[in-house]
Structure formats: C-alpha cells, structure tokens
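Note that the coordinates shown come from a computational prediction; the quantities given were computed from them, not determined experimentally.
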Amino acid sequence: MRSGCYTPNMTQSKTIRLFSLDDVRQIATDTTISVLDEVMVCNDVHTFTLPAEAMQLGFLVFCYCTAGQARFQLNARVVELQRGDLFLGLGEEVFSETSVSDDFGARMILVSRQCMQDGITGLHQLWPYLMCLYEQPVMHLTDEECGWVETGIDFAFARLNMTSHNYLRDSITALIRLFYFDICDILSRHYDVANVKQTGGYGLFDKFIQLLKANFRKERNVNWYSDKLCLTPKYLSEIVKAVSNQTAGQWITNFVILEIKQLLSNTNLSVKEIAHELNFQNQSFLGKYFKNVTGMSPSAYRKSLEKSK
C-alpha cells in the first residue's frame, strides 16, 4: 500500500494518511529497526517522528511497551499504553492524536497481512479473539508473559541481522509463526472465549471477513454476503457465530459503526456526506442506525469528542 491520503470528499479538510511499512522505514533509524521485505522488528520506537494527521495502518502491529506511557485514538476510541502492556493492531485501524511521555519506549514486530497469511495459513487461531481485540486491543501482561514477548522479539531481531543466512526468509517466517502462537496463548489467558465452539468453519469465516472488509461501506445486508459465498443467510450466521461468538449481522454492524466513528472523529465530513460515503439512503437513516447502536446521534457523538479534547 502506498503512502497517501484518504479523501472521501473534496470538501474535507482533515485527511487520513494510509501508512505502509515503507512509511515506517522512512521514520526509523538503522540502529532501532531491522528490515526484511514485509517484516520489521523495531527495538526502540522512542526516536520515531509520527505524522500529525490520522493514520490508517496497512500492516499488523505487535507493540510491547517497555517504559513510560502512550495515549492515542484508535478508530475514535481513546487507548492508553503503559509499561508491560501489549498492543495488538490488526491492520486498517485509524490512529490519531498520539501523545507519549518523555520516557516512552516500546518494541514492535510489524508484519504485512500478506506475509502473515503466507506464513500462517488462515490465521485460524486468532479468529475467536477478533472481536475481543477490536473492543480491547491492549493487554497488561504478567511478568512471565513479558518474558515470552521480550524473548520472541529478541530472537526475531537477531535473526533479521543474519543477512548471510541462506534461508533467512524461511527462518524468519518460522519465528513469526512461533511468536504468533505465543500471542494466541496470551490471548487465551486474557480473553474469555470458552463458549466459542471449535469448528471447521474458519476458512469460511476468513472469506466472510475479507469480503466484509472490502464491501461494508456499500453493503450491510447479510443476504448480500451469503449470496456471494453461495450460502443461505442462516447458515452463514451460524458458522460465523460458531467461530467468533458474533453473528454475521453483528460483524457488519460493528464494521459500519467503527467506520462512522472514525469519520466523525478524523474528518470534517458532514453527517450527510458520511451517509453518502457509506451508502445510506440519507443522513436520517444513518442517524437512526448509529443511535440504535450507540445510544447517541452522530452529531452528539462528534460534540462529545470535541469536549473531551
């Protein structure tokens, strides 16, 4: 994904910058980052200078805070990070209004979505925790878990510097895979998904999520997605709920509401313009949809954000 600005309407004065791994390379120093194609290990982000505008990330982020504090908005929700916390960004979230303490330090592994999917077919173990991560992307780790994360980052960083290794990419893929399973184990300790059934429907859920990400701004009807997947709406929802503990309709609503919130927060688009961008019949329909889920109108939500600044 190239660097650029998301500009849904020419009347918009705020912008959302599409932030890629290439952009990260430009703000990082050689002493704090090691790079291999679509995998990066950042040993210290303290010297990073982030752009002032909102950023939509095009990669997965595993960020472990080693010192100080950070505060930012993620899809219009305030997130705080402190020493011993692990932040998991699944890509495509919108970051804005980032502030850090003078002593802030963090270590990160950044992985392109394609690289992750190539190395870990289907990402099946992560699916049950997706909704938990959308709702609560920061976990405060135990001392033992901190050790696992630190060790995983150490290994990956050291391996990336072995530039003469004949099988460097394969070895890095194996390390990322191991790190990924350690993260899934940590997730299982922090999030209660005991009621999520183990099912063979992960592949179908994966297809549904990818289809949803590409089309939720225009399509909000479960029937549309089930037709595209050659399934009945009932069966699609049953499979999706078995994997994620959320129905297909709930996933659609969650994506749409998150998009409305981030547009209200990070752009100057009017409610009418947002309704047009998200294929609502008019702003009244969008207002009712938003208020039914959040309990407040889009205008009231935007005012509440302004008051909190």
Side-chain angles (χ1 to χ4, degrees), residues 1 3 6 16-25 27-28 33 35 38-46 48 50-51 53-66 69-100 104-117 119-120 123 125-141 145 149 152-153 156 176 179-184 186-187 190-191 209-210 212-213 244 251 254-255 257-259 261-262 265-266:
M1 183 182 295
S3 174
Y6 169 56
I16 299 175
R17 179 176 177 178
L18 304 180
F19 207 68
S20 69
L21 289 177
D22 284 337
D23 293 315
V24 178
R25 289 187 181 95
I27 65 173
I33 191 168
V35 179
E38 295 183 312
V39 177
M40 295 185 181
V41 181
C42 309
N43 252 348
D44 185 2
V45 302
H46 184 74
F48 282 20
L50 296 175
E53 67 266 43
M55 301 177 294
Q56 185 174 32
L57 303 189
F59 47 85
L60 280 75
V61 180
F62 303 93
C63 178
Y64 171 67
C65 181
T66 58
Q69 301 86 35
R71 190 173 187 269
F72 52 90
Q73 283 199 15
L74 181 70
N75 288 337
R77 177 183 301 174
V78 175
V79 174
E80 295 184 349
L81 196 64
Q82 59 184 337
R83 185 178 182 276
D85 285 350
L86 178 67
F87 167 74
L88 273 71
L90 302 176
E92 301 184 6
E93 298 100 332
V94 175
F95 286 77
S96 62
E97 300 186 19
T98 301
S99 61
V100 299
F104 175 70
R107 306 180 71 193
M108 298 191 298
I109 292 182
L110 312 178
V111 187
S112 74
R113 292 194 62 84
Q114 187 60 54
C115 182
M116 181 67 92
Q117 290 175 345
I120 308 167
L123 299 176
Q125 289 77 12
L126 185 61
W127 290 137
Y129 306 101
L130 274 183
M131 184 53 60
C132 298
L133 289 172
Y134 278 119
E135 295 293 330
Q136 188 179 344
V138 174
M139 296 177 291
H140 187 69
L141 306 184
E145 291 166 347
V149 172
I153 296 174
I176 294 298
F179 184 77
Y180 165 77
F181 284 118
D182 282 343
I183 294 300
C184 287
I186 291 174
L187 287 169
H190 286 258
Y191 298 121
I209 290 295
Q210 299 309 317
L212 178 59
K213 285 183 176 180
S244 67
W251 272 101
N254 288 328
F255 268 67
I257 292 298
L258 284 174
E259 183 72 358
K261 284 182 175 180
Q262 72 90 358
S265 176
N266 296 309

Discussion item. Can you tell me how far apart CG (Asp85) and OG1 (Thr66) are? Round to the nearest 0.5 Å.
Written reply: 11.5 Å

Worksheet item: Rounded to the nearest 0.5 Å, how far apart are CD1 of Ile109 and CE of Met40?
Response: 13.0 Å

Worksheet item: Measuring from Ile153:CD1 to Asn43:CG, what's the distance to the nearest 0.5 Å?
Response: 7.5 Å

Discussion item. For the CG atom of Leu21 and the CG atom of Leu57, what is their distance to the nearest 0.5 Å?
Written reply: 9.5 Å

Item to complete: Identify, with sequence neighbours excluded, every residue that meets ring pair (Phe, Tyr, Trp, His ring centres under 6.0 Å) alongside Phe179.
Response: Phe62

Worksheet item: Phe87 vs Phe72 aromatic rings, parallel, tilted or perpendicular, using cut-offs 30° and 60°?
Response: perpendicular

Worksheet, complete the sentence: When every non-hydrogen atom of Phe59 is compared with those of Val111, the smallest separation belongs to CB-O, 3.5 Å

Discussion item. So Val79 and Leu81, do their side chains get closer than 4.5 Å, heavy atoms only?
Written reply: no

Worksheet item: Under the side-chain contact (heavy atoms from CB on, under 4.5 Å) test, which residues partner Arg83, sequence neighbours left out?
Response: none

Discussion item. Once rounded to the nearest 0.5 Å, what's the spacing between atom CZ of Arg17 and atom CZ of Phe95?
Written reply: 14.5 Å

Worksheet entry | For Ala156 against Val41, the heavy-atom pair lying closest together | CB-CG2, 3.7 Å

Worksheet item: Is it the case that Gln136 and His190 place a side-chain donor and acceptor less than 3.5 Å from each other?
Response: no

Discussion item. I want to check something: taking the side chain as every heavy atom from C-beta on, are Arg71 and Val78 in contact at a cut-off of under 4.5 Å?
Written reply: yes

Worksheet entry | Gap between atom CG of Leu187 and atom CG of Leu88 - 0.5 Å precision | 6.0 Å

Worksheet entry | Nearest heavy atoms of Gln69 and Phe104, plus distance in Å | O-CD1, 3.5 Å

